[in-house]
Amino acid sequence: MTALYREHALGLTRMAYVMLGDRTAAEDVVQDAFCGLYRRWEHLSSAEKALPYLRSSVLNGCRTVLRGSLRQARADHLQPVVSAESMILGQEQRREVVAALRRLPDRQREALVLRFYLDLSDAEIAGDMGISKGTVRSTLYRALAALGIALKESS
Amino acid sequence: MSISQDEFRAALRDVADDIAPDTIPPLSLPAGVIRQPRQRRLLTSLAAAVAVIAVIAASVVLADQAPSPRPSAPAGFAGLRSVPRYYLALLPTRVNGNIYPSADAVIRNTVTGATVATVRPPKPFGRFSFVAAGANDRTFILAAQEGPVGDQSNTPARLYQARFEPASRSVSLTPLPVPETPRNRWLGGFALAPNGAALAIVLEYEGPRGEFETQLRIYSLTDKSLISKVWQGHGFINGDALLGFDKPSISWGRGRTLAFTWGDDDRPANDGIWLLNAATAGGGLLADSRHAVRQRVPGGLYTFPSNAGLLTGSGKVIVDAVSRERLDSRRHYTVLSEFAEFSAATGRQLRVLWPSGAFNEWVQWSNSSGSVLVVAAPVKSGGERGQVAFGVLSGNQFVPIPRAPAAVTPWGAALAF
């Protein structure tokens, strides 16, 4: 469990942070996911199922956080901490893109993050989200369209 | 503003990089209640937990104070003769390197382990996916689905009754008078009432906001009206899709009481074993049910059932495998597991049936009083924890069932007594 945490905690925390915009909440979600895995460990089919399980748990945890109105309000007003590199790339544009992402429906936001942040395949996204590969593709299509509309509206 | 997919990808990574690699807090496993992640997202193949236990041993100290299962009994042991004479199983088969339940089902003699019949799915179905017990030890319920072995899609399932005739070793397969499951629903389990008059079916699906919804339907099998009653709930019945279908998810007691183990990510206080009054007209699943056994009980930091508590036919007791977490002075977790009996009326634990002492066990079948069980439990071999095996538990004695399929496989056992 400790080795798994060392290997994947950073990536999962970053994924949660992209979706939540709240570092503390992201860390909590990841901790909860590992605790859940610990409790369910003996039921896993194999150790290689651990990471998909963790990703699913993190996705679900992010949904729960976003559903909380207080958290939602916090997230909406959070300004991402900006790295020096990203300042070169365009701080305002990045902020708008991620803010638009966070306004999308759960499923669309999750599919986009899994595809464009984690670079997962349709099959892997389907496994993590519990939907078919066809639904993954249609969700991504709709999500990109919705993101484009949201960005146009914000500008 | 419009951006390319590459710019979008870069924006996400820029934001993610706000979390520096050396700033992640250490893993902390809290002593209190741990919220369960929704399991049903992982509708994939299943699990060899022996290796898993070996991994978790690095951070968890398994209590090993329990008496080891006594050696396997002679073939004539009365316990083996006090459970149903035949059982039906979907045996594991390997396809493209993965293990799935075989397309055919086999019927085996419980005492001898001999395969006495094979049941093949009727056309156009390509496989049996789930099984449950019938009204006696020669009848079983099977779900047939389209697609080859290894297809895990939620195609509609047609339910059949298989009747085994010992004299001729033949099996007759009859479709049950209930509709196929809808295409967009996952079949989560089914159970025939003890009198054979009603069939309960669990269907699961994702709501419009991604929430997990469960529908429990009961069909009358005694008339031709196909009238069904429907209960709805936000959460899931723990047949444990993560494990496939190797645990019974619902069970009937005397009269019209149906037990189910409930999980609800949003309201973990609802987790535990509930008893549905199936005499009601249908409606809210929890509203028409009573919370009989809660997950947390005195005696441990956290107690969780196996997700497959069984209500015995008498309706008086619930039998389950429960695990309790404790923290020792070095902040190591100790996990104690035992098969226990609970009062269906009060939810209180009545007695420990067998302090098995290890993870990964559940009750597969119970006689009417709860005095004889078929359980899955890790058996010791040469002093070491070995494979999780099915056996008969009676009077604190565990007797492995000869040639029973492994209880925990990458798919699950899919067994019905």
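What you are looking at is a predicted structure, and each value in this text was computed from that prediction instead of being measured. Numbers restart at 1 for each chain; the letters A, B, ... are given by sequence-line order, proteins then strands.
- One distance of note links CG of Leu12(B) with CZ of Phe116(A); it measures 8.5 Å at 0.5 Å rounding.
- Atom CD of Gln31(A) is separated from atom CD1 of Ile24(B) by 9.5 Å, given to the nearest 0.5 angstrom.
- The part of Leu144(A) that comes within reach of chain B is its side chain, from C-beta onward, which places non-hydrogen atoms under 4.5 angstrom from that chain.
- Across every non-hydrogen atom of Ala11(B) and Val97(A), the tightest pair is CB-CG1, 4.0 Å.
- Residues Arg9(B) and Asp119(A) form a side-chain contact, since some pair of their non-hydrogen atoms from C-beta on lies under 4.5 Å apart.
- The distance from the CD atom of Glu27(A) to the OG1 atom of Thr23(B) is 7.0 Å, given to the nearest 0.5 Å.
- Considering all non-hydrogen atoms of both residues, Val18(A) and Ala16(B) come closest at CG2-CB, 3.8 Å.
- Contact annotation for Leu4(A): neither backbone nor side-chain heavy atoms come within less than 4.5 Å of a heavy atom of chain B.
- For Tyr117(A), there are no ring pair (Phe, Tyr, Trp, His ring centres under 6.0 Å) partners, not counting sequence neighbours.
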